[in-house]
Amino acid sequence: MQGRSHRRQEVARAFAWLSGFSAPALLVVPKGLGAFAMLMLVATLLALPDAWRGRDARAPRALHLLLGTALVVLAVAALSMWGSGADLSALDNPSRALLLPWCAWLAWSTRVRASSLWYGALAGLALAFMISMAQASSGADRAGGEANPIVFANAVLALLVVGVFCRPSRNGFPMQLLLATVVALAAVAVILSGSRGVLPGLGLVLLMLLAGNEARDRAWRLGATGVALALLLAALWAVPWLSAQFRFDQLHADVAGYAQGQVDQPISARLALWSVAWDAFREAPLTGAGIEAFKSRVDASLYCQGASRHFCGLEHAHNDVAQWAATMGMPGLAALLALYGVPLAIAIGQIRRNRLHAPVGPSWAAGMLVFAYLVSGLTQSMFSHALSTGAYVVLVGLLLGMGMAPRDAAGTAAENGSE
């Protein structure tokens with residue numbers, strides 16, 4: 001009986017490894033998370049019998065916190081849907097929050113190795129690079145795969161975070177060369193996407209990669225990294241092709257146009273959307289306008305009175321706080337805070353408990369992914385898109401679950417190098 005249980009555990013761990021690999025590897029492929037869902041379901045069914053027999057063993061408190069967070073997000077969205085009369089499709093993205101504790105439980109119960117996510121992220125970045133190069137070669141202005149360029153760039157940033165921070169703990173020249181290649185692949189894909197919203201997150205990843213390792217000479221490396229990032233930003237402004245790709249050459253005209261009522265350019269549209277969101281929140285701070293009602297607020301705004309323009313077709317506030325506050329009021333803000341804050345607090349707790357001074361391992365990767373989403377969410381509605389939402393809950397859930405495993409997050413990173 002024990003031998004059969006052991007074999008089933010090994011098979012469950014193998015399917016969990018495959019699901020962990022497929023999630024980042026196929027992230028930028030249309031319906032790519034479907035393969036992950038099938039593998040995850042099989043791994044869950046295989047892991048459940050032993051989990052049920054060992055139900056007396058206490059699950060980590062972090063799992064309960066993640067489950068509570070997912071239920072809060074879903075409950076707030078469901079109440080907003082009920083109050084505003086929206087249909088069930090409004091719960092499509094909020095319901096994905098349930099994957100956060102599910103993925104964490106699966107990684108914790110199967111003790112799956114973090115190498116699954118790392119190898120998958122490398123494969124995903126290579127695939128994103130090839131997609132962006134193929135689209136650029138075919139004459140596309142902005143690469144985006146089958147998604148829009150902003151969502152595509154967000155997915156590339158998520159893959160970069162996992163590829164950089166979930167790596168094995170080796171620091172030799174081969175690993176440094178591989179990291180340089182990974183960053184180059186991601187940078188090319190982001191540049192060809194033309195998405196400016198991920199640039200702060202990309203800078204954060206580079207800052208931690210170059211200046212966040214050993215304490216020795218950290219001040220010097222931090223200064224050198226700052227200078228390098230400043231030079232990179234200067235290049236984005238000064239090099240004509242890069243400036244045009246990221247539309248930096250239009251910034252002044254964009255801001256000036258907003259003062260004259262022009263809201264069909266990226267920056268002016270965001271400023272107008274935030275104004276609409278603020279008005280919606282002020283009118284109903286406890287409930288918001290309704291989970292699916294932001295588009296109607298845009299259509300009813302002064303910017304769309306007697307005018308047919310691109311702005312009037314926008315459905316999101318292009319800022320997480322503005323989106324959740326305008327549509328779900330104070331409860332929405334609280335749910336958003338939990339969705340970011342609880343996983344971040346768990347990751348920080350794992351890092352401190354295991355004394356993970358170097359930014360390597362699943363706990364660090366989870367924390368950095370939350371930070372990257374926070375930064376990107378300043379100018380984008382990260383949870384208004386299925387791909388961005390799915391990437392967050394799946395990757396963060398798996399990473400935190402790996403950090404909960406008995407061999408702990410420190411051992412996980414080291415073991416990756418021995419596989």
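Everything numeric in this text was worked out from a predicted model, so none of it was measured. The figures that follow rest on heavy atoms only: side chains count, while hydrogens, waters and symmetry mates do not.
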Practice task
Would you indicate whether the side-chain heavy atoms of L99 and M40 approach each other to under 4.5 Å?
Solution key: yes
Practice task
With the side chain counted from C-beta on, respond yes when P94 and M81 share a heavy-atom pair under 4.5 Å apart, and no when they do not.
Solution key: no
Exercise for the section: Start with the C-alpha distance between T379 and N319, add both sets of side-chain angles, then the distance that settles side-chain contact (heavy atoms from CB on, under 4.5 Å), and finish with yes or no. Expected result: CA-CA 5 Å; T379 58; N319 176 281; over 6 Å; no
Problem - Distance-only polar pair, side chains of T110 and W17, donor-acceptor under 3.5 Å - result: no
Exercise for the section: Sort out for me which residue in I291, L91, T327, T287 forms a side chain to side chain contact (heavy atoms under 4.5 Å, CB included) with S80. Expected result: I291
Practice task
Let me see the working for E10 and R7 under salt bridge (charged side-chain N to carboxylate O under 4.0 Å, His left out), right down to the final yes or no.
Solution key: CA-CA 5 Å; E10 291 299 318; R7 287 194 299 272; over 6 Å; no
Exercise for the section: Please examine the side chains of C103 and V393, heavy atoms only from C-beta on, and report whether any two atoms are closer than 4.5 Å. Expected result: no
Problem - Interatomic distance, L66 atom CG to W102 atom CH2 [nearest 0.5 angstrom] - result: 15.0 Å
Practice task
Evaluate whether atom CZ of R355 has more than 12 neighbouring non-hydrogen atoms of other residues, nucleotides or ligands under 6.0 angstrom away.
Solution key: no
Handout entry: CG/L88: more than 12 non-hydrogen atoms of other groups inside 6.0 Å
Key = no
Handout entry: Flag side-chain contact, heavy atom, 4.5 Å: Y392 against L339
Key = yes
Exercise for the section: Could you label the plane-to-plane angle of the H316 and H385 rings as parallel, tilted or perpendicular, counting under 30° as parallel and over 60° as perpendicular? Expected result: perpendicular
Problem - Close side-chain approach of M208 and F165, heavy atoms under 4.5 Å - result: yes
Practice task
Could you list the residues that satisfy side chain to side chain contact (heavy atoms under 4.5 Å, CB included) with A317, not counting sequence neighbours?
Solution key: A277, F294, A322, Q323
Problem - By side chain to side chain contact (heavy atoms under 4.5 Å, CB included) - contacts of L314 (at least two apart) - result: A269, L273, H310, F311
Problem - Plane angle bin for F383 and Y373 - parallel if under 30°, tilted between 30 and 60°, otherwise perpendicular - result: tilted
